[in-house]
Amino acid sequence: MTKILLAFFILSSTMVFSQKEDHVWISNWSREDDCTNSPWPELCGASVVDFNQLPPAVYKGVGMTLDLIESNTSLCNQDGELILYSNGQSVHDTSHHWIEGGEKINDSPIWNNWTWQNEFGEIRSNGLTIVGGIGFIPIPNQEDAYWLLYPNLENVDETDYAELWASKIEKKIDGTFKVSLKDSLINDSIFRMGDITACKHANGRDWWMLQFNKNKVYTYLVNPFGIHLDHIQMLPFSLRTMCLGQSKFSSQGNQFALTGVVNFGVAEGNDFVYSGFDRGTGNLLNPKYEKLEGARNLSAGLEFSPNGELLYLSYSDRILQFDIATDNVLDNLIEVAKVDSLTCPNISNNVIRFGQLQLGADQKIYSAIAGTCYFMHRIERPNEKGIDCMVTERAITLPTFHFGTIPNFNTRRLGPLDESEYDTLGIDNLPVSRFWYEQDSIEYLSVQFWDVSYYRPEMWQWDFGDGENSTDLSPMHSYDEKGVYEVCLTVSNENDSHTSCQEINIGTSAIGDQPKEYAISLFPNPVEEYTRLLIHDYLPENARMIIYDASGKRVHSVKVRGGENNIYLGGLSQGVYVYEILDVGVWVYGGKFVKT
């Protein structure tokens, strides 16, 4: 028998749109609260990927001790500031300690199956090993109140079904959070564990969430009154997989897909489902099922391109791309990347494979690794077909190692379906302008601008600050000379327009007589083999990173550009080094790093 949770609340007149709730990603699998005695103390602890600046910053999560394996979610406020994160067993806040009532959620006799004992003899949660097994859903019309949903596996061996549980989390008067309702049963007949992801209803306020039995879909509506089973939809096929794969809605909310591993290492051991999705009714539209060929040895990843025309599937050893703009999705499959043979230095002999996928706020798709290491892969241009999408292996070096995890999020920055029959709440898509830029690797005066605006922009107007303009979505622009320029992007639709501006500094004339403090960072530090130099607000003319050993001898030099630079330092001996960044002889920045 299916049990449904119904909770009733007083409606608030305030409507808050999601903006930056997914901007901080956390990974951690150290099983250490104090990394001093770790076999790899420099790689122990949590890593953070922070999209509040683009390209995203990467740094060590000081004080974060919650382990996150495959069930991983985090939540930021409207300004992109981290407020909560969870592994499906515990809930932590910005103090990096469990919130009131959040030390033990998903509490059952098997809770200790996913725990470990720290160096002080205390029991700590290890986290559920279920992809997409945890997710926050904001409660509509209630500020700072959230549902946290997760599967419970206590009875799965006896019934072949998991249960879906929920806890309610609210902010207290003192600004901290508490679990006000814990471990409430939503459904006791869930065959496919995980899939905790939600899509905004066509009214722009409520949420849809799908949960799967073998041949049916439980369609839940999350509104100000609670979590409701809206209807059950029968599928024209039966799923074989219980977990080990992702499910996703497209950014536009009109498509849905899922994948999962059925049998490890067995051909046709993988399920794949693709469907349209009706945001008004919550129905899957013409769902299609396929047994994918090829043996997969670890959990699968899946993600839509930002424009919703392509779908990516990670296959451990390769990444596949589906052209979903065509009539027959399953017949339009292209292999866009195949993993190389590199293994994780000093940790394991396992090849660094592709894992779970997640679209970032920079409109690039990030891949966790399938296994344990400290890298992330990335699809640089996911709207491009074929190999032009540019898959970069080990695009980001994290400061600490993790176990094949990437945060699980809802479909964000999605408003109502304007002028549809479901657009009844007076909510409009008011576009928000946001963009970032990268310097061309060859011509320093050429800049690639990337639009990452949201709430259905229909028109783009770029002002590059030099008298030139563009109406392209993400234009490349070449300046005639170096200098300081204010670049503005105005996005608009029939409801409104919005403008954002950034100052860009190109070449040494932007430095002036007095050196300016630019936002430049080097991480990880200490350095094992690779480090990542970020130059956020300066586009150099011809810059080099010059490295000196402890005696002052110049030992290495590498050209760098504005934005992201992945730098190989594996050839240096262990020790302390000094570096400086010079742009055509002008000092820009300097610092130290340790080579291990």
Side-chain angles (χ1 to χ4, degrees), residues 25-29 43 46-47 49 56 58 67-74 87-88 126-135 193-197 241 243-248 257-262 264-265 269-272 292 294-304 311-321 335-345 347-360 364-380 382 389 391-398 400-409:
W25 299 9
I26 305 170
S27 63
N28 183 25
W29 192 63
L43 296 174
S47 292
V49 181
V58 178
D67 280 294
L68 302 152
I69 303 185
E70 291 191 291
S71 290
N72 176 354
T73 191
S74 57
N87 62 3
N126 198 57
L128 298 180
T129 56
I130 298 174
V131 178
I134 184 76
M193 297 175 285
D195 297 329
I196 311 294
T197 185
T241 174
C243 59
L244 297 173
Q246 291 180 283
S247 67
K248 293 289 180 74
L258 67 79
T259 187
V261 179
V262 180
F264 286 126
N270 312 287
D271 279 350
F272 174 70
L292 291 179
R296 188 178 301 158
N297 296 315
L298 292 165
S299 58
L302 179 147
E303 185 58 279
F304 287 91
L311 179 64
Y312 292 88
L313 183 68
S314 68
Y315 232 44
S316 288
D317 63 337
R318 60 191 185 274
I319 292 180
L320 305 177
Q321 181 192 83
E335 182 178 291
V336 295
K338 194 169 184 65
V339 74
D340 59 28
S341 59
L342 289 184
T343 60
C344 190
I347 291 184
S348 71
N349 293 321
N350 294 327
V351 173
I352 305 169
R353 299 181 182 275
F354 301 115
Q356 300 174 47
L357 302 178
Q358 180 63 47
L359 181 65
K364 299 186 178 187
I365 295 176
Y366 291 76
S367 169
I369 57 166
T372 303
C373 200
Y374 44 84
F375 296 108
M376 295 180 74
H377 312 295
R378 188 169 61 199
I379 304 175
E380 307 289 352
C389 69
V391 177
T392 302
E393 293 188 61
R394 299 173 300 281
I396 288 185
T397 302
L398 299 173
T400 63
F401 59 80
H402 67 104
F403 186 84
T405 187
I406 207 162
N408 180 50
F409 298 113

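We're numbering straight along the sequence, starting at 1. Bear in mind that the values here come from a model prediction, so they are computed numbers and not experimental data.
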- Message: Could you tell me if the side chain of F403 sits less than 4.5 Å from the side chain of L68, heavy atoms only?
- Response: no

- Message: For the CG atom of L258 and the OG1 atom of T197, what is their distance to the nearest 0.5 Å?
- Response: 11.5 Å

- Inspect the contact between D317 and R353 and indicate whether a charged nitrogen and a carboxylate oxygen are less than 4.0 angstrom apart. no

- Message: So does I134 get a backbone contact from the side chain of N408, meaning a donor-acceptor N/O pair under 3.5 Å?
- Response: yes

- Message: I need the R378 CZ to S367 OG distance, nearest 0.5 Å.
- Response: 12.0 Å

- Any donor-acceptor N/O pair, K248 side chain to L302 backbone, under 3.5 Å: yes

- Task: Would you check, one step at a time, whether the test side-chain contact (heavy atoms from CB on, under 4.5 Å) holds for Y374 with T400?
- Result: CA-CA 6 Å; Y374 44 84; T400 63; over 6 Å; no

- Applying side-chain contact (heavy atoms from CB on, under 4.5 Å) between F375 and each of I352, L342, L398, report the one that passes. I352

- Message: Please give me the minimum heavy-atom distance between E380 and A395, naming the atom from each residue.
- Response: OE2-CB, 4.2 Å

- Task: Fit a plane to each ring of W25 and Y366, take the angle between them on a 0 to 90° scale, and name the class: parallel (under 30°), tilted (30 to 60°) or perpendicular (over 60°).
- Result: perpendicular

- Task: Nearest 0.5 Å please: distance from the CZ atom of R318 over to the CD atom of E335.
- Result: 6.0 Å

- Query: In a check of side chain to side chain donor-acceptor pair (under 3.5 Å) between T405 and each of N28, N72, D67, which one passes?
  - Reply: N72

- Message: Show, in sequence, the C-alpha distance, side-chain angles and deciding distance for F401 and S27, and conclude whether the side-chain contact (heavy atoms from CB on, under 4.5 Å) test is met.
- Response: CA-CA 8 Å; F401 59 80; S27 63; over 6 Å; no

- When every non-hydrogen atom of F354 is compared with those of A370, the smallest separation belongs to O-CB, 3.3 Å

- Query: Hey, does Q321 have a side-chain heavy atom less than 4.5 Å from the side chain of C389?
  - Reply: yes

- Message: With rounding to the nearest 0.5 angstrom, report the CG to CZ distance, L320 to F272.
- Response: 9.5 Å

- Rounded to the nearest 0.5 Å, the OH atom of Y312 sits from the CD1 atom of I319 at a distance of 9.0 Å

- Note on the structure: Heavy-atom nearest pair, T259 first then D271, reads OG1-O, 2.9 Å

- Which pair of non-hydrogen atoms, one from L357 and one from E303, has the smallest distance, and what is that distance? CB-CB, 3.8 Å

- Might you point out which heavy atoms bring S71 and G133 nearest each other, and give the distance in Å? OG-CA, 3.5 Å

- Exercise: identify the closest heavy-atom pair between H377 and I369: NE2-CG2, 3.8 Å

- Item | Point-to-point distance, once rounded to the nearest 0.5 Å, from CG of N87 to OG1 of T129 | 11.0 Å

- Validation row: F304, L359 side chains within 4.5 angstrom (heavy atoms): no

- Item | Side-chain donor/acceptor of E70 to backbone N/O of G404, under 3.5 Å | no

